[in-house]
Amino acid sequence: MVEREDFIRNFPITIDVDVQWGEMDAFGHVNNVIYYRYFESARIAYMRHISAKGVFDLGRIVPVLAESSCRYLRPVRYPDTLTVGCTITEMQEFGFAQEYEIYSEAQGMVVTTGVARVVLLDKHSKQKALLAPELHEEIKLLEALA
């Protein structure tokens, strides 16, 4: 068993998600697609945090998911409350890589892990946009808190 507080300390951004009855499939556990929604919610929370600092201009530069994957370690069932952790593991010229973990309150452990690569695009030109130095610094500061 892992304590939730210990899990949270590993991530600069976490969100809590209540498992919904309708998220389960015919086998009685959360459907595989739903985990990508959980990751998406954590990714958006991370983006909103950065955007709130004024360094991520969502009007001009938009983050686009380039790839993602998920590893299912243990099945999750209703009812449960999940904590989704999100961190940036690598900053690249035109974006960054993220990792996710999902902690189950009912099971007291990490039940799912995932990774994603986000590319920044200029909304008008539709071309890749450089990771701005201000954004790079904001991410470094946020990640240092974890």
Side-chain angles (χ1 to χ4, degrees), residues 2 4-27 29-78 80-105 107 109-146:
V2 176
R4 182 178 177 277
E5 293 75 26
D6 293 334
F7 172 82
I8 288 173
R9 281 197 258 307
N10 294 321
F11 296 95
I13 298 294
T14 61
I15 61 167
D16 290 330
V17 178
D18 289 326
V19 174
Q20 302 299 306
W21 175 262
E23 294 174 337
M24 291 191 302
D25 59 20
F27 299 107
H29 54 73
V30 172
N31 185 274
N32 62 312
V33 172
I34 303 300
Y35 293 90
Y36 286 96
R37 289 187 190 153
Y38 298 156
F39 293 161
E40 176 186 53
S41 294
R43 183 170 50 255
I44 296 304
Y46 199 111
M47 302 292 182
R48 289 183 67 165
H49 183 84
I50 293 170
S51 184
K53 301 294 184 183
V55 297
F56 195 54
D57 182 2
L58 289 175
R60 185 177 60 84
I61 304 298
V62 294
V64 176
L65 186 63
E67 64 181 289
S68 64
S69 66
C70 183
R71 183 164 187 201
Y72 311 99
L73 305 174
R74 297 182 55 88
V76 173
R77 293 176 177 81
Y78 172 89
D80 199 349
T81 299
L82 306 175
T83 301
V84 185
C86 178
T87 186
I88 290 180
T89 56
E90 180 184 353
M91 288 187 270
Q92 301 153 345
E93 187 176 16
F94 299 107
F96 46 84
Q98 285 187 317
E99 286 186 4
Y100 312 96
E101 289 187 6
I102 299 177
Y103 175 87
S104 163
E105 185 176 295
Q107 298 180 53
M109 64 178 57
V110 173
V111 293
T112 313
T113 62
V115 295
R117 190 168 57 87
V118 175
V119 175
L120 304 176
L121 293 181
D122 183 286
K123 185 176 180 180
H124 303 293
S125 71
K126 307 291 189 239
Q127 300 297 312
K128 290 181 184 177
L130 291 171
L131 184 68
E134 299 86 5
L135 180 56
H136 190 274
E137 279 305 308
E138 185 60 36
I139 291 169
K140 281 175 41 179
L141 287 171
L142 182 58
E143 290 293 332
L145 298 175

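On a predicted model such as this, the values are computed, not experimentally measured, just so you know.
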Show your reasoning for whether side chain to side chain contact (heavy atoms under 4.5 Å, CB included) applies to Met109 and Leu73.
CA-CA 10 Å; Met109 64 178 57; Leu73 305 174; over 6 Å; no
Is there a side-chain contact between [X] and [Y], using heavy atoms and a 4.5 Å cut-off?
| X | Y | result |
| --- | --- | --- |
| Phe94 | Leu120 | no |
| His29 | Val76 | no |
| Thr87 | Asn10 | no |
| Leu130 | Glu93 | yes |

Side chain to side chain contact (heavy atoms under 4.5 Å, CB included) between Tyr35 and Val84, worked out
CA-CA 10 Å; Tyr35 293 90; Val84 185; over 6 Å; no
Can you tell me how far apart [atom1] ([X]) and [atom2] ([Y]) are? Round to the nearest 0.5 Å.
| X | Y | atom1 | atom2 | answer |
| --- | --- | --- | --- | --- |
| Arg9 | Asp6 | CZ | CG | 4.5 Å |
| Glu105 | Asp80 | CD | CG | 7.0 Å |
| Lys140 | Met91 | NZ | CE | 6.5 Å |
| Glu134 | Ile139 | CD | CD1 | 11.5 Å |

Under 4.0 Å between a Lys/Arg side-chain N and an Asp/Glu carboxylate O for Glu40 and Arg37?
no
Check [X] against [Y] and note the closest heavy-atom contact, atom names and distance.
| X | Y | answer |
| --- | --- | --- |
| Met47 | Val118 | CE-CG1, 3.9 Å |
| Ser104 | Val111 | CB-CG1, 3.6 Å |
| Tyr100 | Ala42 | CD2-CB, 4.5 Å |

Show me the side-chain donor-acceptor pairs of residues 11-25 shorter than 3.5 Å, one per line, residues at least two apart or across chains.
from: Asp16; atom 1: OD1; to: Arg4; atom 2: NH2; distance (Å): 2.8
from: Asp16; atom 1: OD1; to: Thr83; atom 2: OG1; distance (Å): 2.8
from: Asp16; atom 1: OD2; to: Arg4; atom 2: NH2; distance (Å): 2.8
from: Asp18; atom 1: OD1; to: Thr81; atom 2: OG1; distance (Å): 2.9
from: Gln20; atom 1: NE2; to: Asp18; atom 2: O; distance (Å): 3.0
from: Glu23; atom 1: OE1; to: Gln20; atom 2: N; distance (Å): 3.0
from: Glu23; atom 1: OE1; to: Tyr38; atom 2: OH; distance (Å): 2.6
from: Asp25; atom 1: OD1; to: Phe27; atom 2: N; distance (Å): 2.9
from: Asp25; atom 1: OD1; to: Gly28; atom 2: N; distance (Å): 3.4

Please check if any side-chain donor atom of [X] sits under 3.5 Å from a side-chain acceptor atom of [Y], or the reverse.
| X | Y | result |
| --- | --- | --- |
| Glu99 | Thr113 | no |
| Gln107 | Arg74 | yes |
| Glu101 | Tyr103 | no |

Dump the intermediate steps for side chain to side chain contact (heavy atoms under 4.5 Å, CB included) on Leu135 and Ile50, then the final yes or no.
CA-CA 8 Å; Leu135 180 56; Ile50 293 170; 3.0 Å; yes
Show me the donor-acceptor pairs within less than 3.5 Å that the side chains of residues 64-72 make with the rest of the protein, sequence neighbours left out.
from: Glu67; atom 1: OE2; to: Arg117; atom 2: NE; distance (Å): 3.0
from: Glu67; atom 1: OE2; to: Arg117; atom 2: NH2; distance (Å): 3.4
from: Tyr72; atom 1: OH; to: Asn32; atom 2: O; distance (Å): 3.2

Check: Ile88 main-chain N/O paired with Glu143 side-chain donor or acceptor under 3.5 Å:
yes
